2 protein chains.
Amino acid sequence: MGRRNLHTREELAELALHEAAKLVDEGGVQALGMREVARRIGYTVGSLYMVFTNLDDLIVQVNERTVVQLRGSLEAAAARSREPARRLRLLCAAYLDFAQRHTQRWRMVFEHRLPAGQPAPPTYRGHTQAIFRLVAAALRDAAPARAGAPSRDTPEELAVVLWSAVHGVCMLAVTGKLGVSDTRASTRRMLDLLVDRFTSRG
Amino acid sequence: MGRRNLHTREELAELALHEAAKLVDEGGVQALGMREVARRIGYTVGSLYMVFTNLDDLIVQVNERTVVQLRGSLEAAAARSREPARRLRLLCAAYLDFAQRHTQRWRMVFEHRLPAGQPAPPTYRGHTQAIFRLVAAALRDAAPARAGAPSRDTPEELAVVLWSAVHGVCMLAVTGKLGVSDTRASTRRMLDLLVDRFTSRG
DNA sequence: ACAGGAATTGAACACCGATCAATAAAATGC
DNA sequence: GCATTTTATTGATCGGTGTTCAATTCCTGT
């Protein structure tokens with residue numbers, strides 16, 4: 001077959017990314033292969049290489065979408081309450097919810113290694129930092145409430161620490177590496193406990 | 001070549017596991033392959049399959065050793081102080097140190113997926129729980145010091161939360177997914193901050 | 001010394017990501 | 001409307017992987 005022009009390059013990329021994401025959700029990174037993606041969108045491998053430089057590129061672009069989606073979920077959660085402490089808890093719940101609903105894609109974001117060379121695309125950092133800013137804002141709003149000795153630590157630093165911690169709890173819970181019961185409810189309790197302890201002194 | 005009997009099965013496994021660990025340390029999971037391991041220990045692939053059922057089996061056994069080594073490091077750290085708060089900080093420092101020294105092998109422990117079927121071997125859980133017990137013990141020792149209202153949360157629950165949090169900080173720091181500066185010193189500060197906040201109310 | 005068994009190999013298989021000449025259809029010029 | 005150029009698409013191909021297994025070669029017990 002020669003050229004068909006059924007889809008533009010953008011459409012082809014869209015199809016591929018969509019199907020790739022589905023593939024990952026179904027069977028983890030391991031299930032993601034160029035041939036399988038091509039088959040599912042009705043093309044052959046060669047066509048994918050017109051749009052993606054290689055498999056890593058495809059993965060990075062899927063990850064980028066996942067991060068955008070995650071950021072959206074967290075922003076929606078943050079908008080649901082003006083009360084800082086409650087907002088933090090909503091953020092945690094949203095993060096855990098996302099990790100549990102899109103476990104495979106979420107893991108891929110954090111576990112994929114790109115080969116030796118250069119780092120993730122700059123847009124990654126943008127979204128990551130936006131997430132940190134959501135947490136930092138909540139922490140900043142929470143801090144003045146506790147009068148008295150103001151903390152030496154900036155909300156930005158605190159946000160990084162707190163969110164890394166939340167991330168760790170979600171990751172171990174979701175991957176079952178805790179060796180303990182990992183019910184949805186118990187994990188939420190753990191997160192509440194973490195935030196409680198973390199914010200109990202400003 | 002026929003049988004040589006240069007090594008017993010155990011020795012062969014030992015050689016393979018040792019070289020596999022080195023391979024991972026050098027180039028991550030990606031660098032670990034049956035053929036390469038075989039080449040390095042002076043055998044061919046076939047021989048490896050006398051000792052390991054497949055690559056996943058090899059990986060799991062490398063991971064098991066890593067976990068044992070990690071547990072040893074943490075136990076040594078815990079033995080270095082009887083003062084609970086200080087002991088917690090030593091445990092954190094030891095964990096971070098291990099993650100930074102053996103980054104690739106450490107990541108493999110948490111990131112490796114074994115295919116669909118059964119979970120990690122039971123010895124895994126044993127060591128994992130031993131680690132949690134170290135943390136729980138320190139927390140238990142720390143709790144009575146703060147008199148007044150005793151916490152409703154058991155030290156075991158607290159240990160799981162705290163250690164998951166510590167794990168998250170170490171992981172994001174070590175993999176550079178934070179998007180912020182990830183110097184050794186700053187990460188240790190983050191861990192101290194986390195433990196501080198976490199234990200400031202018993 | 002011999003037979004039986006066990007260790008070791010190397011070729012094979014099926015799959016993967018990646019490349020690229022060949023091809024067929026659309027786009028363009030006339 | 002026809003010829004030419006351009007471009008999308010294919011499918012065969014390459015080197016690599018994990019895995020299997022018949023064949024080989026040596027050790028071991030008698």
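What you see is a predicted model, and the numbers here were worked out from it, not measured in a lab. Because only heavy atoms are used, hydrogens play no part in the values below, and waters and symmetry mates are left out as well, while side chains stay in.
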Nearest-Å distance for atom pair CG/C1', residues B:L48 and C:dT9: 12 Å

What do you reckon, are the aromatic ring centroids of B:Y95 and B:W106 less than 6.0 Å apart? yes

Once rounded to the nearest 0.5 Å, what's the spacing between atom CD of B:E64 and atom CD of B:Q69? 13.5 Å

By the 4.0 Å heavy-atom rule, please label B:G33 as base, sugar-phosphate, or nothing. sugar-phosphate

Taking CZ from A:R39 and C1' from C:dC15, how many angstroms apart are they, rounded to a whole number? 15 Å

Under-4.0 Å side-chain N/O to phosphate OP1/OP2 contact, A:R4 with D:dT7: no

What contact category does A:L12 fall into here, base, sugar-phosphate, or nothing, at under 4.0 angstrom with non-hydrogen atoms? sugar-phosphate

Under 4.0 Å between a side-chain nitrogen and a carboxylate oxygen: does that hold for A:R140 and A:E156? yes

With sugar-phosphate meaning primed atoms plus P, OP1 and OP2, does A:L32 contact a base, only sugar-phosphate, or nothing at under 4.0 Å between heavy atoms? sugar-phosphate

Classify the side-chain pair B:Y124/B:N63 by whether it contains a donor and acceptor separated by less than 3.5 Å. yes

Determine, stepwise, if the pair A:E75 / A:R71 fulfils salt bridge (Lys or Arg N to Asp or Glu O under 4.0 Å). CA-CA 6 Å; A:E75 281 171 346; A:R71 174 182 176 177; 2.9 Å; yes

Taking the nucleotide of DNA chain D with the nearest heavy atom to each, does A:G46 or B:G46 sit closer to the 5' end? A:G46

Candidate nucleotides C:dA25, C:dA18, D:dT9, ranked by approach to the side chain of A:N54 - the nearest: C:dA18

When all nucleic acid strands are considered with a 4.0 Å heavy-atom cut-off, which category describes B:R35: base, sugar-phosphate, or nothing? base

Which listed nucleotide (C:dG17, C:dT8, D:dG18) is nearest to the side chain of B:S47? C:dT8

What's the CG-P distance between A:L55 and D:dG15, to the nearest Å? 21 Å

Counting heavy atoms from C-beta on, name the nucleotide in C:dG17, D:dG18, C:dT9 closest to the side chain of B:Y49. D:dG18

Closest to the 5' end of DNA chain C, once A:N5 and B:G42 are matched to their nearest nucleotides, is B:G42

What is the distance, to the nearest angstrom, from the CG atom on A:D56 to the C1' atom on C:dA18? 12 Å

Among D:dT19, C:dA18, D:dT9, the one nearest A:M34 by side-chain distance: C:dA18

Could you state the NE2-P distance from A:H7 to C:dA26, rounded to the nearest angstrom? 14 Å

Separation of D:dT19 atom P from B:Y43 atom OH, nearest Å, is 20 Å

For A:R3 and D:dT4, give me the distance from atom CZ to atom P, rounded to whole Å. 18 Å

Can you tell me the distance, in whole Å, between the CG atom of A:D57 and the P atom of C:dG17? 14 Å

